[in-house]
Amino acid sequence: VKGFDVTLVDGLLHPRTPLIADLLRGRRSIFVTTPTVARLYGGRLLGYAKSNGLDGSLMFLECSEANKDLDHAARVCEFALEHGCDRRAVLVGMGGGVCTDIVTVAASWIRRGIGHVRIPTTLVGQIDAGIGVKGAVNFRGKKSFLGCFHPPEAVVIDPGFLHSLPESQVRCGIAEMIKIALVRDEGLFGLVEEHGPRFVSSRFGRPPAEARNALWLSVVRMLEELQPNLYEDKTYKRPVDLGHTFSPLLEAASRFELAHGEAVAIDTALSAVISQMLGLLPGVQLERILSTISSVGLPIFSADLSVALCRTALEESARHRGGAPNLVLPLAVGQATFLERVADLPGPVLEAAIHRLARDSGRA
Ligand SMILES: NC(=O)c1ccc[n+]([C@@H]2O[C@H](COP(=O)([O-])OP(=O)(O)OC[C@H]3O[C@@H](n4cnc5c(N)ncnc54)[C@H](O)[C@@H]3O)[C@@H](O)[C@H]2O)c1
Ligand SMILES: [Zn+2]
């Protein structure tokens with residue numbers, strides 16, 4: 001992407017891997033990580049900094065959706081101030097999407113914007129949250145209400161971090177992988193279709209070539225999608241919004257019992273069924289989509305899915321997307337279109353689509 005490199009590398013924290021050292025040498029570096037990630041990888045990070053003679057300080061930040069807020073971004077700024085952060089200093093966020101989001105916001109504030117480097121350690125971070133130019137925190141109960149566009153200097157992806165992820169986290173990442181595959185890349189979808197369960201159980205370790213290929217294709221397709229509309233000022237029609245129309249309300253309706261990735265999976269399944277019922281997506285393709293989602297242990301239905309919830313979600317989307325719901329509908333695996341008017345989705349179709357998923361999930 002113009003302005004920053006995204007690199008896939010093994011053994012990122014091996015003392016002789018030059019990538020991070022080359023970026024940080026001679027600059028004050030503030031490493032921000034979560035207690036969990038520090039417990040797993042903090043020792044290696046400190047060893048790396050020491051053996052490469054880096055001038056770094058390490059900060060632990062409790063990172064969860066509940067404390068992704070102004071106060072936590074301010075804490076990063078405070079730590080940076082106390083640790084002699086000058087104009088050339090750099091913040092390094094090593095953790096999941098919450099961590100890299102908070103670090104992005106803090107970097108954009110400090111001295112009106114200093115550099116930052118992202119080391120995403122979750123699957124969601126590596127293929128989705130960590131590779132755009134955005135950062136945000138929640139505010140007064142509104143998710144990602146305050147934020148910025150602040151491109152990183154670099155994003156470094158080491159698949160080795162995934163080994164310690166809980167399965168549930170890997171599944172949530174795969175929901176985003178299926179999303180990008182459905183709108184952009186049939187080959188990527190085929191990899192998940194064929195190897196999804198092994199990707200989950202091996203944390204993208206096996207089969208090695210296919211797992212790595214799926215990871216990298218997800219990153220590249222995502223970047224290609226973001227690139228022409230990096231600042232989201234060109235169009236409200238974003239294929240990467242697949243799975244992200246009904247899901248916010250589903251997450252909220254479940255009182256966040258449903259993970260983001262699970263809600264995305266249900267939304268994707270519903271969008272696919274709607275598309276098939278509107279005559280846009282062939283039935284065979286729909287079957288592939290539903291069975292692939294289910295095969296990795298992601299849900300295709302939740303009891304909170306109702307016509308009323310979907311209607312509200314479409315209205316809400318229209319408010320976000322320049323007046324049109326722009327529901328993303330798959331036309332085939334690898335290709336999508338948009339529902340531009342709520343009137344194009346008749347009530348009975350929506351209702352039948354929800355019923356279909358309720359039935360299928362009961363059978364599963
Ligand atoms: N800025 C964007 O464009 C963008 C896009 C999509 C999502 N997001 C944001 O990303 C966030 C979700 O990110 P996430 O799914 O990475 O969740 P997360 O950041 O909450 O991380 C989940 C948990 O995993 C732990 N963890 C991280 N790496 C680990 C590892 N290697 N091994 C074991 N545990 C590890 C973390 O400590 C954390 O407790 C949301 O807040 C969302 O809004 C941002
Ligand atoms: Zn998402």
Side-chain angles (χ1 to χ4, degrees), residues 1 12-13 32-42 44-45 60-69 72-73 93-105 107-108 116 118-139 142-152 155 157-180 183 203-204 218 222-223 225-226 229-232 238 240-248 250-251 256 258-268 298 328:
V1 166
L12 176 69
L13 297 181
V32 183
T33 193
T34 78
T36 312
V37 176
R39 183 169 47 74
L40 293 162
Y41 305 105
R44 255 174 272 178
L45 178 64
F60 305 116
L61 193 69
E62 198 64 63
C63 287
S64 73
E65 201 56 47
N67 54 31
K68 185 178 151 179
D69 56 18
H72 282 71
M94 184 167 108
V98 172
C99 177
T100 54
D101 259 10
I102 292 176
V103 164
T104 304
V105 168
S108 80
H116 75 292
R118 302 194 198 134
I119 307 177
T121 59
T122 61
L123 181 57
V124 169
Q126 295 190 343
I127 67 168
D128 194 78
I131 60 178
V133 303
K134 296 192 289 180
V137 294
N138 306 328
F139 184 68
K142 270 273 176 205
K143 192 166 155 63
S144 301
F145 188 71
L146 297 178
C148 59
F149 291 101
H150 189 61
V155 181
I157 297 171
D158 181 349
F161 286 118
L162 305 180
H163 291 161
S164 53
L165 276 186
E167 274 199 12
S168 56
Q169 283 265 342
V170 181
R171 281 195 205 102
C172 285
I174 291 187
E176 305 288 1
M177 190 175 271
I178 291 174
K179 162 194 83 178
I180 193 73
V183 299
R203 311 319 193 242
F204 278 84
S218 302
M222 187 68 180
L223 289 171
E225 271 306 310
L226 296 177
N229 192 25
L230 262 188
Y231 295 89
E232 297 179 19
R238 299 182 355 123
V240 294
D241 284 337
L242 175 66
H244 291 73
T245 298
F246 309 115
S247 53
L250 271 178
E251 282 180 78
F256 297 93
L258 209 58
H260 173 72
E262 293 172 332
V264 169
I266 295 169
D267 180 323
T268 302
L298 285 165
V328 187

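Counting starts at 1 for both ligands and their atoms, following the listed order.
Look at Glu176 and you'll find every heavy atom at least 4.0 Å from all atoms of ligand 1.
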ask   = Run the side chain to side chain contact (heavy atoms under 4.5 Å, CB included) check on Val124 and His260 step by step: do they pass?
value = CA-CA 10 Å; Val124 169; His260 173 72; 5.9 Å; no
request  = For side chain to side chain contact (heavy atoms under 4.5 Å, CB included), just list the numbers for Phe60 and Thr33, CA-CA rounded to whole Å, side-chain angles, deciding distance to a tenth of an Å, and then say yes or no.
outcome  = CA-CA 5 Å; Phe60 305 116; Thr33 193; 4.1 Å; yes
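Nearest heavy atom pair, residue Ala175 against residue Gly261, reads CB-O, 3.2 Å. The shortest heavy-atom contact between Thr121 and Gly96 is OG1-N, 3.6 Å. The two residues Pro35 and Glu62 come nearest to each other via the heavy atoms CG-OE1, 3.7 Å. Closest approach of Ile174 and Leu123 over heavy atoms only: N-CD2, 3.7 Å. Gly173 and Ile127 make their closest contact through O-CD1, 3.5 Å (heavy atoms, listed as atom of the first residue, atom of the second, distance). In terms of heavy-atom proximity, Ala73 sits nearest to Ile102 at CA-CG2, 3.7 Å.
Ligand 1 places these atoms under 4.0 Å from at least one heavy atom of Lys143: 40 (C), 41 (O), 42 (C), 43 (O). Atoms of ligand 1 found under 4.0 Å from any heavy atom of Glu65 (numbered from 1 in listed order, with element): 40 (C), 41 (O). When each atom of ligand 1 is checked for a heavy atom of Tyr41 under 4.0 Å away, the hits are 31 (N). Near Lys68, with a cut-off below 4.0 Å to any heavy atom, the atoms of ligand 1 are 9 (C), 40 (C), 41 (O), 42 (C), 43 (O). Per-residue contacts place Val37 under 4.0 angstrom from the following atoms of ligand 1 (heavy atoms of the residue considered): 26 (N), 27 (C), 28 (N), 29 (C). For ligand 1, the atoms sitting less than 4.0 Å from at least one non-hydrogen atom of Thr36 are 34 (N), 37 (O), numbered in the order shown with element in parentheses. Using a 4.0 Å cut-off to heavy atoms of Phe161, the atoms of ligand 1 that qualify are 30 (C), 31 (N). For ligand 1, the atoms sitting less than 4.0 Å from at least one non-hydrogen atom of Asp101 are 1 (N), 2 (C), 9 (C), 44 (C), numbered in the order shown with element in parentheses.
Scanning the protein heavy atoms around atom 35 (C) of ligand 1, the nearest turns out to be Leu165 CD2, 3.8 Å. Protein heavy atom nearest atom 30 (C) of ligand 1, with residue, atom name and distance: Ser164 OG, 3.5 Å. When hydrogens are left out, the protein atom nearest atom 22 (C) of ligand 1 is Gln169 NE2, 3.1 Å; that is the closest non-hydrogen contact. In terms of protein heavy-atom proximity, atom 38 (C) of ligand 1 is closest to Cys63 O, 4.2 Å. When hydrogens are left out, the protein atom nearest atom 8 (N) of ligand 1 is Ala129 CB, 3.4 Å; that is the closest non-hydrogen contact. The nearest protein atom to atom 3 (O) of ligand 1, hydrogens excluded, is given as Lys134 CE, 3.7 Å; this is a heavy-atom distance. Summary of contacts: the protein heavy atom closest to atom 36 (C) of ligand 1 is Thr34 OG1, 4.1 Å.
With a 4.0 Å cut-off on non-hydrogen atoms, Val98 touches ligand 1 through its backbone as well as its side chain. With a heavy-atom cut-off of 4.0 Å, Thr121 touches ligand 1 through backbone and side chain alike. If you look at Leu40 next to ligand 1, the close heavy atoms, those under 4.0 Å, all belong to the side chain. Neither the backbone nor the side chain of Thr100 has any atom closer than 4.0 Å to an atom of ligand 1 (non-hydrogen atoms only). Residue contacts with ligand 1, taken as heavy atom pairs separated by less than 4.0 Å, do not involve His260 at all.
For the side-chain hydrogen bond (donor to acceptor under 3.5 Å, both in side chains) criterion with Thr104, the lone passing option out of Arg118, His150, Lys134 is Arg118.
Between Ser64 and ligand 1, no pair of N/O atoms sits closer than 3.5 Å. The shortest N/O to N/O separation between Asp128 and ligand 1 does not fall below 3.5 Å. For ligand 1, the polar-atom distance check finds an N/O of Gly97 within less than 3.5 Å of one of the ligand's N/O atoms.
Between Lys68 and Lys143, the closest side-chain pair of non-hydrogen atoms falls below 4.5 Å. The shortest side-chain heavy-atom distance between Ser144 and Val137 does not fall under the 4.5 Å cut-off. Two residues are said to be in side-chain contact when any heavy atoms from C-beta on lie closer than 4.5 Å; Met177 and Phe204 meet this criterion.
The nearest non-hydrogen atom to atom 16 (O) of ligand 1, considering only Thr122, Val124, Asp158, comes from Thr122.
In this structure, atom 33 (C) of ligand 1 is in close contact with the protein, since a protein heavy atom lies within 4.0 Å of it.
Annotation: angle subtended at the Zn ion (ligand 2) by His244 NE2 and Glu176 OE2 is 120°, to 10°.
Looking only at distances, a side-chain donor or acceptor of Arg203 sits under 3.5 Å from a matching main-chain atom of Leu165.
A distance of 7.5 Å separates CD of Gln126 from CG of Asp158, quoted to the nearest 0.5 Å.
The aromatic rings of Phe161 and Tyr41 stand perpendicular to each other, their planes meeting at an angle above 60°, with 30° marking the opposite boundary.
Looking at Asp241 and His244, their side chains never bring a donor and an acceptor atom within 3.5 Å of each other.
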